[in-house]
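Presented below is the structure to which this report refers.
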Amino acid sequence: MTADATTRGATQDPARDATDVAFREITDDDVEQVVALWAECGLTRPWNDPYVDIADARRTPTSTVLVGVEGDRVVSSALAGHDGHRGWLYYVAVSPGRQRGGLGRATVEAAEAWLREAGARKVQLMVRATNAQVVGFYDRLGYADQETVVLGKWFDGSR
């Protein structure tokens with residue numbers, strides 16, 4: 001999982017901003033829209049079931065999925081979680097028709113606020129190396145390369 005589709009595509013109305021979007025935690029009624037948003041933004045991968053990722057985030061008080069909603073439509077999301085020290089952002093997504101109007105920044109800021117309130121002292125995220133455009137987005141938000149290598153191991157040996 002990465003937080004890397006925040007700036008793909010062009011907005012249909014660049015003058016729109018994020019002031020008409022309310023941020024809240026995901027509900028059961030939002031799940032299908034969130035999974036569709038993640039797919040539309042290119043965030044899903046065959047080895048990460050988005051339904052399982054959402055359920056896992058909702059299962060514990062140290063993580064959540066925040067959604068930005070316009071009326072009853074989910075237009076952005078961020079999965080946030082922390083280990084007591086570091087917070088992490090995943091699945092940061094903005095509906096392609098709402099990109100480049102400030103909603104990506106507002107979504108990240110809402111997730112950062114949730115993490116701060118939960119006690120995280122630092123926030124990190126991962127961006128796929130092939131997504132240079134989104135690295136610039138996060139750079140403008142004050143994120144910097146932490147000069148670390150992320151290693152992983154699947155317990156079920158699947159990847």
Within the side chain of E70, is there an N or O that forms a donor-acceptor pair under 3.5 Å with the backbone of A22?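 Between the backbone of A22 and the side chain of E70 there is no qualifying donor-acceptor contact (under 3.5 Å).
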So, Q33 side chain and V74 main chain: donor-acceptor pair closer than 3.5 Å or not?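 Answer holds: yes.
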Same apolar cluster: V52 and V67, side chain cutoff 4.5 Å: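 Different clusters.
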Taking every non-hydrogen atom, the tightest pair across [X] and [Y]:
X: V94; Y: L37; answer: C-CD1, 3.9 Å
X: A120; Y: R86; answer: CB-C, 4.3 Å
X: F23; Y: T107; answer: CE2-OG1, 3.5 Å
X: A111; Y: L89; answer: CB-CD2, 3.4 Å
X: D56; Y: S63; answer: O-OG, 4.0 Å
X: G87; Y: L115; answer: CA-CD2, 3.9 Å

Step-by-step side-chain contact (heavy atoms from CB on, under 4.5 Å) determination, Y51 to E32: CA-CA 9 Å; Y51 294 97; E32 291 301 325; 2.8 Å; yes
For the residue pair [X] and [Y], establish whether any side-chain heavy-atom pair is separated by less than 4.5 Å.
X: Y90; Y: N48; value: no
X: D20; Y: R98; value: yes
X: L66; Y: I26; value: no

Do R58 and E25 meet the salt-bridge criterion of a basic N to acidic O distance under 4.0 Å?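 The answer is no: the pair does not qualify as a salt bridge.
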Less than 4.0 angstrom from a charged side-chain N to a carboxylate O is my criterion; do D53 and R45 meet it?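 No, D53 and R45 are not salt-bridged.
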Quick one, T64 with R24, criterion side-chain contact (heavy atoms from CB on, under 4.5 Å). Give me CA distance, side-chain angles, the key distance, then yes/no. CA-CA 10 Å; T64 192; R24 61 170 169 74; over 6 Å; no
Given I54 and V35, is the side-chain contact (heavy atoms from CB on, under 4.5 Å) satisfied, shown in steps? CA-CA 9 Å; I54 291 169; V35 171; 3.7 Å; yes
From [atom1] ([X]) to [atom2] ([Y]), nearest 0.5 Å:
X: D83; Y: K122; atom1: CG; atom2: NZ; result: 10.5 Å
X: L79; Y: L125; atom1: CG; atom2: CG; result: 12.5 Å
X: D30; Y: S77; atom1: CG; atom2: OG; result: 10.5 Å

Under 3.5 Å, is there a donor-acceptor pair between the R73 and S95 side chains?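 Per modelled atom types, R73 and S95 side chains form a pair under 3.5 Å.
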For the pair Y143 and Y138, name the ring-plane relationship: parallel under 30°, tilted 30 to 60°, perpendicular over 60°.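 Perpendicular, since the angle between the ring planes exceeds 60°.
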So does Q146 have more than 12 non-hydrogen atoms from other groups sitting under 6.0 Å from CD?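 Counting neighbours around CD of Q146, more than 12 heavy atoms of other residues, nucleotides or ligands fall under 6.0 Å, so yes.
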Under the criterion side-chain contact (heavy atoms from CB on, under 4.5 Å), I'd like the reasoning laid out for V108 against F137: C-alpha separation, chi angles, the key distance, then a yes or no. CA-CA 11 Å; V108 169; F137 167 77; 4.2 Å; yes
